[in-house]
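Shown next, in C-alpha cells, is the structure this report addresses.
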There are 2 protein chains.
Amino acid sequence: MPLLMLKDLPRYECLLEASREFPDLDPSATEVFLHLLRAGDEAFRVVEAHLAQHEITQGGFSVLMALWGQCQREGRELPLSPAALAERTGVTRATMTGLVDTLERDGLVRRAPDREDRRMMTVELTPRGERKLLKLLPDHFRQMAWLMAPLSETERKTFVRLLTKLLRRAGENDGRPAPETAVAAVVAGR
Amino acid sequence: MPLLMLKDLPRYECLLEASREFPDLDPSATEVFLHLLRAGDEAFRVVEAHLAQHEITQGGFSVLMALWGQCQREGRELPLSPAALAERTGVTRATMTGLVDTLERDGLVRRAPDREDRRMMTVELTPRGERKLLKLLPDHFRQMAWLMAPLSETERKTFVRLLTKLLRRAGENDGRPAPETAVAAVVAGR
DNA sequence: CTTTTTTCGTTAGCCGCCTAACTATTCGCC
DNA sequence: GGCGAATAGTTAGGCGGCTAACGAAAAAAG
C-alpha cells in the first residue's frame, strides 16, 4: 500500500483551503485518511525490511504464521489447504499458489495431495520452516514493540478502539453500490 | 500492504497467552500494530476499488495528484521531472518510469525532454489528464468522508495525533542498525 | 582542461497481487 | 446412476513495487 497521495502529507490549512474549491472535501476526514495510509505503509515497510533480513517476504511470513497458528491451536501439525490459507491471509487462491511455490522452493513448506478429496492439496510446515519461524518471531515481536513504544497503554486502547471503528466501516463497503454518485452506473453501462 | 498476519485479527486473550511463551511479545503493541495494518489495508482497498471504477490505479492517481498539486501551487503548469515525482510519491525512479509509461499510454500525461539539462525529462498533465482528475476528485473526497463518518471531530484529532506519533517513530527507523539483536550481524557476515 | 563522481532515466529481472480462464474432481439433484 | 453446478488448484497475462546495472550527461575535483 504505497502512497495513495503524496509522501509529504498536506498541512491542515491546505486542506481547509482546498475544501473551499471542492465542497466534497472533508478536511478532517481527509487528514485522518492520509495519515492512516501513510502510517500503515510506514509500519508495514519497517517490518517488511526487518523480515527481509531473515530472507523472507511478508507474504511468506503470513503463510507460515497461518500454518503455525493452526498447529499451535490444534495440538500438532494440522496442515491446511491452499484455499484455506488464502482465506485466512486474505489473498486469492491464485496468489496463494505463487506464495506456496516460493516457500516450497525454499524448503519451508511441503505440499501433499489430500487423501480424501483428490481436488485438494495439503500444505504443512517443514521442520526447517518451523525453525525459521521460531528464530525470527522474537525479533518480529521486538520490532512491533519498538514501533509502539511511544504510545502509552491508554493511548493504545484508544487507538485500537478507533481503528476498530474504521475497520467496521470499511467492512460495510463490501457489496455497497458505491457512494451516492452516478459514476458506477455509467461504468456499469459501458 | 496486504496482510502481514492473519485476516482475522487475534483476540487479546490469545496475545496474552502467547506472550507467556514469547517474552518479547508485547500484547498491546502487537494488537495496535495488527489493527493498524489491517485498517490501513482496508481503507486502501476501499479507495483503490473506487479509483478502479474511473479506470485509474492508485499509483497513477498519485502521480496525477503530484503534478496537479504542483500546478495549483505554482500558478500554472510547472512540469516535474520523473525523479521529483518519484521523490514526492515515495517510489523509486525505476517504478516511476513504469507509472509514467502507463499514464502516457493512456494520454493523461506527456513527456518532453528538458531544455536545459539533457539528462532530464519533464512530465506534465495533458488537458485530458486534468479533466479526468477533476472528474474523479469529488468522488474520491466523498469516499474518504464516508469512510471517516463514524469518527467525531474529537476522535479525528486524537487519531491524527496518535498516527503522527507512530509516523515519527517509524521515521527514526531509517538507517537504524536493526533492533538490539545479533541477526543483522549474522546476515551481514554471510 | 581532463578525470572522476554524481545524477538522470531506463532496462532487466524478481516477487506479490490481481482477474479470467482452464482442468479435474466432487456434490447435488433428478 | 448420470449430469449440471460448484469447488480446488493452477496457469496466463497484467500491473506495480523493488534492486541492480547501464549509458548519457552534468558537476566536482585535480
Side-chain angles (χ1 to χ4, degrees), chain A residues 1-4 7 37 40-42 44-49 51-53 55-64 79-106 108-109 111-123, chain B residues 1-4 7 41-42 44-45 47-49 51-53 55-64 79-106 108-123:
Chain A
M1 196 243 347
L3 14 82
L4 224 272
K7 189 177 168 190
L37 257 58
D41 188 39
E42 289 297 325
F44 177 74
R45 290 193 195 216
V46 165
V47 173
E48 187 181 44
L51 290 176
Q53 294 182 348
E55 288 174 317
I56 197 152
T57 66
Q58 165 273 324
F61 177 71
S62 298
V63 173
L64 296 185
L80 287 173
S81 70
L85 284 170
E87 202 279 329
R88 278 165 210 238
T89 55
V91 299
T92 61
R93 283 174 298 143
T95 299
M96 189 50 63
T97 296
L99 289 174
V100 174
D101 280 350
T102 301
L103 289 172
E104 192 170 35
R105 175 181 50 103
D106 294 347
L108 305 177
V109 128
R111 257 191 267 239
D114 186 293
R115 300 190 173 285
E116 299 170 359
D117 188 335
R118 283 190 297 176
R119 290 171 303 181
M120 289 206 270
M121 303 287 291
T122 64
V123 181
Chain B
M1 199 242 349
L3 12 84
L4 227 272
K7 189 177 170 190
D41 187 40
E42 290 295 327
F44 177 75
R45 290 193 193 215
V47 172
E48 187 182 45
L51 289 176
Q53 294 181 348
E55 288 174 317
I56 198 153
T57 65
Q58 167 271 324
F61 177 72
S62 297
V63 174
L64 297 185
L80 288 172
S81 70
L85 284 170
E87 202 280 328
R88 278 165 211 238
T89 55
V91 300
T92 62
R93 284 174 299 146
T95 299
M96 188 51 63
T97 296
L99 289 174
V100 175
D101 280 350
T102 302
L103 289 172
E104 193 170 34
R105 174 178 50 94
D106 294 348
L108 305 177
V109 127
R110 185 170 35 226
R111 255 192 268 239
D114 186 293
R115 299 190 175 283
E116 300 168 1
D117 190 334
R118 282 189 297 177
R119 288 172 302 181
M120 288 206 268
M121 303 289 289
T122 64
V123 182

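When reading the values below, keep in mind they use all heavy atoms of this one structure, side chains included, and skip hydrogens, waters and symmetry mates. Every chain is numbered from 1 and lettered A, B, ... according to where its sequence line falls, protein lines coming before strand lines. Here the structure is a predicted model, which means the values were calculated and not measured.
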[X] [atom1] - [N] [atom2] separation (whole Å):
X: B:Gln58; N: D:dG14; atom1: CD; atom2: P; value: 21 Å
X: A:Asp114; N: C:dT25; atom1: CG; atom2: P; value: 13 Å
X: A:Met120; N: D:dT10; atom1: CE; atom2: P; value: 13 Å
X: A:Leu103; N: C:dG16; atom1: CG; atom2: P; value: 8 Å

[X] vs [N]: side-chain N/O to OP1/OP2 distance below 4.0 Å:
X: A:Thr92; N: C:dC17; value: no
X: B:Arg45; N: C:dC18; value: yes
X: A:Thr57; N: C:dG16; value: yes

Q. Hey, does the side-chain of A:Arg93 have a donor or acceptor N/O within less than 3.5 Å of a partner on the base of D:dG9?
A.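 Pair found.
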
Q) Starting at the 5' end of DNA chain D, which residue's closest nucleotide do you reach first, A:Met96 or B:Arg118? A)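 The answer here is A:Met96.
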
Q | Residues B:Arg45 and B:Asp41 bridged, charged N to O under 4.0 Å | A |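 Counted as a salt bridge, because a side-chain N and a carboxylate O are separated by less than 4.0 Å.
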
Q. B:Val91 side chain: which of D:dA6, D:dC18, C:dG9 is closest?
A.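 Closest of the options to the side chain of B:Val91: D:dC18.
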
Q | Side-chain donor/acceptor of B:Thr95 to backbone N/O of B:Val91, under 3.5 Å | A |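 Side chain of B:Thr95 to backbone of B:Val91, a donor-acceptor pair under 3.5 Å: no, none is there.
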
